[in-house]
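Below is one structure, written out as structure tokens; comments come after it.
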Number of protein chains: 2
Amino acid sequence: MPYIPLNEELPGITGLLDYRKDTALPIRQLTQILLRGESTLSEAEREMIASIVSYGNECRFCTAAHTAATDRLLGEVETSQKVKTDIMTSPVSQKMKSLLIIASAVQVSGKNVTPEMIDQAKKNGATDREIHDTVLIAALFSLYNRYVDGLASVTPPDSAFYDRLANILVKNGYLPSENRYAGLTTSD
Amino acid sequence: MPYIPLNEELPGITGLLDYRKDTALPIRQLTQILLRGESTLSEAEREMIASIVSYGNECRFCTAAHTAATDRLLGEVETSQKVKTDIMTSPVSQKMKSLLIIASAVQVSGKNVTPEMIDQAKKNGATDREIHDTVLIAALFSLYNRYVDGLASVTPPDSAFYDRLANILVKNGYLPSENRYAGLTTSD
């Protein structure tokens with residue numbers, strides 16, 4: 001049961017973004033720019049940062065949603081699982097490994113990012129902008145995870161829900177739209 | 001030294017918001033709505049939430065900035081110090097104490113907010129909206145603190161800098177404007 005009355009048809013973050021639409025709009029816009037805007041990181045790579053931060057914060061809703069979005073973008077389900085359990089042996093580029101290490105540090109505290117982590121990322125070809133965006137995406141999901149769990153929003157147990165949500169996130173992105181969540185809570 | 005090249009005239013968050021203005025805009029808008037928009041919580045109470053979360057995250061820049069803003073709004077410097085060291089004995093209302101307890105929990109993890117904390121806040125007269133906004137302000141400063149420290153932005157050591165910044169935040173709010181930071185880094 002959420003701590004405040006939310007639309008029962010809209011679990012997790014969706015009900016919170018519906019509860020206060022004026023605060024939801026800039027949150028959605030920031031997410032759209034960072035996760036779908038122009039970037040030298042692929043959409044899958046950026047969703048991966050969102051999912052490992054959410055996993056580190058044990059936010060089940062956000063982890064499931066952004067893992068499903070990563071899987072849909074990659075067309076396979078193994079990479080997203082591997083980065084969550086062991087970044088260094090996961091099948092991503094050296095640059096991506098070092099960015100995920102930075103994101104994992106930010107998840108705990110901004111102070112946990114070390115000059116060595118940054119040097120390694122730069123040696124592996126990461127640009128200043130990629131480092132900036134990695135830190136800001138990790139910081140944004142530190143917001144989302146706290147928003148979702150701090151108000152005890154509902155976490156649907158069925159993975160089909162997250163597949164439907166991921167489909168919306170991959171097809172339509174993060175900005176608000178009419179009937180955005182049509183059919184989201186309907187069983188397949 | 002910041003991990004990425006930032007305008008040296010703009011320390012802390014100010015240089016980061018200048019580095020990528022497209023992502024800065026929704027961050028600023030969200031902050032303006034939450035900290036300066038219509039609310040049954042005073043601006044000082046909302047700045048206080050920002051400062052205790054930043055203090056918990058040991059983000060020196062954000063703590064100093066929002067403590068100075070709280071002090072300026074209250075016209076005294078004692079309350080902001082007391083809420084950071086012991087919420088329960090600080091000179092704020094019972095409602096505010098229970099909201100600050102929730103914010104402190106969110107700072108660590110959304111999962112740390114308990115039904116008992118929410119019950120207590122409601123018994124002390126907190127509305128659903130006040131609880132929502134407390135959680136979201138605490139989540140937003142969890143973003144800010146990680147952004148500021150994760151990229152090692154500069155933390156000016158002199159308290160006069162934060163007085164000048166607080167003056168801008170109290171007088172002009174958080175939205176972007178021409179010459180927003182004029183004179184910020186100039187010594188008094």
Side-chain angles (χ1 to χ4, degrees), chain A residues 1 3-6 16 19-20 22-34 37-38 53 57-59 102-103 105-115 117-119 121-122 127-129 131-136 138-153, chain B residues 1 3-6 16 19-20 22-34 37-38 53 57-59 102-103 105-115 117-119 121-122 127-129 131-136 138-153:
Chain A
M1 263 282 285
Y3 292 144
I4 58 174
L6 301 174
L16 290 164
Y19 178 79
R20 229 195 126 165
D22 60 344
T23 47
L25 183 60
I27 296 173
R28 287 182 174 286
Q29 288 169 330
L30 178 60
T31 314
Q32 179 71 14
I33 296 169
L34 284 170
E38 203 178 309
V53 169
N57 282 324
E58 298 176 36
C59 180
I102 292 170
V106 171
Q107 177 252 309
V108 181
S109 167
K111 293 186 178 304
N112 283 20
V113 179
T114 64
M117 289 177 193
I118 301 291
D119 283 349
K122 289 184 180 178
T127 64
D128 291 332
R129 173 67 168 266
I131 291 168
H132 169 275
D133 288 2
T134 296
V135 170
L136 187 49
L140 173 60
F141 281 85
S142 298
L143 177 157
Y144 269 127
N145 301 158
R146 282 164 174 76
Y147 193 20
V148 165
D149 286 333
L151 289 163
S153 67
Chain B
M1 263 282 283
Y3 292 144
I4 58 174
L6 301 174
L16 291 164
Y19 178 79
R20 228 196 126 165
D22 59 345
T23 47
L25 183 60
I27 296 173
R28 288 181 174 285
Q29 289 169 328
L30 178 61
T31 313
Q32 179 70 13
I33 296 170
L34 284 170
E38 203 179 307
V53 168
N57 282 326
E58 298 175 36
C59 180
I102 292 170
V106 171
Q107 177 252 308
V108 181
S109 166
K111 293 186 177 304
N112 283 19
V113 180
T114 64
M117 289 177 192
I118 301 292
D119 283 349
K122 289 185 179 176
T127 62
D128 291 332
R129 173 67 167 266
I131 291 168
H132 170 274
D133 288 1
T134 296
V135 170
L136 187 49
L140 173 60
F141 281 84
S142 299
L143 176 158
Y144 270 126
N145 301 158
R146 283 165 174 76
Y147 194 20
V148 164
D149 286 333
L151 289 162
S153 67

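Residue numbers begin at 1 in each chain, while the letters A, B, ... track the order of the sequences.
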Exercise for review: Pick out which of B:Asp149, B:Leu151, B:Val148, B:Leu16 makes a side chain to side chain contact (heavy atoms under 4.5 Å, CB included) with A:Val135.
Suggested key: B:Leu151
Distance from [X] atom [atom1] to [Y] atom [atom2], nearest 0.5 Å?
X	Y	atom1	atom2	value
B:Asp22	A:Glu38	CG	CD	10.0 Å
B:Leu140	A:Thr23	CG	OG1	10.5 Å
B:Ile4	A:Ile131	CD1	CD1	8.0 Å

Nearest heavy atoms of [X] and [Y], plus distance in Å:
X	Y	result
A:Ala139	B:Arg146	CB-CB, 3.9 Å
B:Tyr3	A:Asp128	O-OD1, 4.3 Å
A:Lys111	B:Cys59	CE-N, 4.4 Å

So for [X], is it side chain, backbone, both, or neither that comes closer than 4.5 Å to the heavy atoms of chain A?
X	answer
B:Asp133	side chain
B:Thr114	backbone
B:Ile118	side chain

Point to revise | Largest heavy-atom contact set with chain B, pairs under 4.5 Å, which of A:Pro115, A:Ser142, A:Ser109 | key: A:Pro115
Study note, to complete from the structure: Ranked by heavy-atom pairs below 4.5 Å to chain A, first place among B:Phe141, B:Tyr144, B:Tyr147 goes to B:Tyr147
Revision key, fill the gap. Of the listed B:Val108, B:Ile102, B:Thr127, B:Leu25, the one with the largest count of heavy-atom pairs under 4.5 Å with chain A is B:Val108
Review point. For the residue pair B:Tyr19 and A:His132, does the interplanar ring angle fall in the parallel (under 30°), tilted (30 to 60°) or perpendicular (over 60°) class?
Key: tilted
Exercise for review: For residues B:Leu34 and A:Arg20, determine if any side-chain heavy atom of one lies less than 4.5 Å from a side-chain heavy atom of the other.
Suggested key: yes
Review point. Which bit of A:Arg129 comes within less than 4.5 Å of chain B, counting heavy atoms only: side chain, backbone, both or neither?
Key: both
Review point. Is it the backbone or the side chain of A:Gln107 that comes under 4.5 Å from a heavy atom of chain B, or both, or neither?
Key: backbone
Practice item. Test side-chain contact (heavy atoms from CB on, under 4.5 Å) on B:Leu136 and A:Ile27 and set out the steps. Key: CA-CA 11 Å; B:Leu136 187 49; A:Ile27 296 173; 4.1 Å; yes
